[in-house]
Amino acid sequence: MSIPQFVRVCEMGARDGLQNEHAVISTDDKVRYIDLLSETGLTTIEATSFVSPKAIPQLADAAEVFARIHKKPGVRYPVLTPNVRGLERAKEAGARAIAVFTAASEEFTKRNINMTIDESIETFGDVVRNARENAFWVRGYVSTAFGSPFGDIVLPAVVLDVTRRLFDLGCDEVSIGDTIGVGVPSQVDELVPLLLRECATDKIAFHFHDTRGTALANVYAALQHGIAIFDSSSGGLGGCPYAPGATGNLGTEDLLYMLHGMGIETGVSLDKVRAASRFIGGVLGHELTSKTFQALERALQPGSGRAAP
Ligand code: HMG
Ligand code: MG
């Protein structure tokens, strides 16, 4: 298997990123952030979530955010929908792409969406059917694929089973999530061939949180198996409030730096992603964790590059 020449990067900052921030972020700032991301060349930008505002208060303004963002032609803006109620809200706001989300850990699924895995698949059956009847693009997520925050064992066979069930419902693509950033490349090497026995390579994405610094190594391992869709967040934002210990996604800048350095095309401008990160970092008022973002920003500091006295 040769490594892909082109990778599609799916931007998570506005959804996975902002859902996990403590500060209240204004609707104007969310819209500006997404509009900046739309100028980068990214073709998949997860915009927000139509979930219960009690579960994720940070994204309670989903309808207004979605309605106000400038939808760039050629860019897909998926939104999370946990049930038909969420889908109806998404439709009303003008969405054309959704994501349903379950997991390979029963305990996490219960805490995140208050359903068993079986119940989630049943609930999504109606969501995906309805979405497809309306010509929506549909993504499925399998979270906690490399480990659960609650200590329950996650087996690759369960990840495969849940993935298969999401495709059976009619998902166009399934993203395999390392929600708490515990995975290592040998696990990727074990899981990917199992998935690819039954699923097409161009329908599987990986979503690595970088909690323990293994996300890029895991991307590199997945690339060796031909995987060509990766999720990341500008600046390295992200985390799930229902997964204790989860920190940010792999930074989009880090992913782009490595892919471009390897000669793999993405169509995305690292400089423009960095500009979007700089904007949202200023709003959030804390350091962003992407190493590449940090290195590039440091290079802007007066005096950088001078020999130490
Ligand atoms: P529940 O409490 O079991 O459901 O929540 P419910 O039907 O009893 O609803 C509770 C309240 O929410 C009710 O309001 C409903 O009307 C309302 P009340 O009567 O109490 O005033 N409600 C809604 N409101 C707006 N939009 C909706 C909606 N649905 C119900 N769609 C539920 C179940 C699934 C709704 C809830 O648990 C929920 O919304 N969970 C979302 C959690 C979430 O968003 N987690 C983060 C995303 S997953 C993630 O980050 C992982 C990922 O990044 C991949 C990875 O890293 O691995 C994707
Ligand atoms: Mg995530």
Side-chain angles (χ1 to χ4, degrees), residues 10-21 44 46-64 66 78-93 95 98-105 108-117 119-124 126-127 130-131 138-150 154 159 162-163 166 171 173-183 191 205-211 215 218 229-233 236-252:
C10 304
E11 174 58 44
M12 298 285 129
R15 193 280 303 169
D16 201 323
L18 300 189
Q19 77 181 11
N20 204 44
E21 291 293 332
T44 309
E46 217 165 67
T48 186
S49 292
F50 289 89
V51 296
S52 161
K54 283 181 188 148
I56 305 283
Q58 295 88 337
L59 303 182
D61 57 353
E64 196 184 342
F66 198 87
V79 295
L80 261 56
T81 55
N83 48 25
V84 171
R85 167 97 186 272
L87 175 65
E88 293 303 334
R89 289 178 60 212
K91 275 191 209 165
E92 229 169 88
I98 58 157
V100 292
F101 50 106
T102 185
S105 151
F108 175 73
T109 311
K110 191 77 197 158
R111 300 210 195 196
N112 194 38
I113 52 174
N114 198 23
M115 300 177 209
T116 63
I117 295 171
E119 285 166 350
S120 72
I121 298 292
E122 203 182 312
T123 302
F124 300 159
D126 293 335
V127 177
N130 185 326
V138 181
R139 176 179 247 220
Y141 279 102
V142 183
S143 290
T144 60
F146 294 89
S148 160
F150 306 108
V154 177
V159 179
V162 178
T163 304
L166 287 170
C171 287
E173 170 176 303
V174 172
S175 179
I176 309 295
D178 185 9
T179 318
I180 54 167
V182 287
L191 181 60
F206 273 87
H207 176 113
F208 295 116
H209 283 258
D210 202 23
T211 312
N218 290 336
I229 312 169
F230 293 99
D231 299 356
S232 60
S233 285
L237 298 175
C240 176
Y242 296 93
T247 60
N249 282 85
L250 169 59
T252 303

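Keep in mind that what you see is a predicted model, and the values were worked out from it rather than measured. Counting convention: from 1, in listed order, for ligands and their atoms alike.
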Asker: How large, to 10°, is the angle at the Mg ion (ligand 2) when you draw lines to NE2 on His207 and to NE2 on His209?
Answerer: 90°

Asker: Does CD belonging to Glu92 count more than 12 external heavy atoms closer than 6.0 Å?
Answerer: no

Asker: Around ligand 1, what residues show up once you keep those with a heavy atom under 4.0 Å from it?
Answerer: Arg15, Asp16, Gln19, Phe50, Val51, Ser52, Pro53, Lys54, Ala55, Ile56, Leu80, Pro82, Asn83, Arg85, Gly86, Arg89, Phe101, Asn112, Ile113, Asn114, Tyr141, Ser143, Gly177, Thr179, His207, His209, Cys240

Asker: Check for a donor-acceptor pair, side chain of Gln19 on one end and backbone N or O of Ile56 on the other, with a separation under 3.5 Å.
Answerer: no

Asker: Regarding Ser233 and Asp16, do their side chains bring together a donor and an acceptor under 3.5 Å, going by distance alone?
Answerer: no

Asker: Under 3.5 Å, side chain of Ser143 to main-chain N/O of Ala103, donor-acceptor pair present?
Answerer: no

Asker: Parallel, tilted or perpendicular: which describes the rings of Phe101 and Phe124, with under 30° parallel and over 60° perpendicular?
Answerer: tilted

Asker: Is the number of heavy atoms from other residues, nucleotides or ligands within 6.0 Å of CD (Glu122) greater than 12?
Answerer: no

Asker: Taking 2.8 Å as the cut-off, does an N/O/S atom of Asp16 lie below it from the Mg ion (ligand 2)?
Answerer: yes

Asker: Is there a donor-acceptor contact under 3.5 Å linking the side chains of Thr247 and Thr211?
Answerer: yes

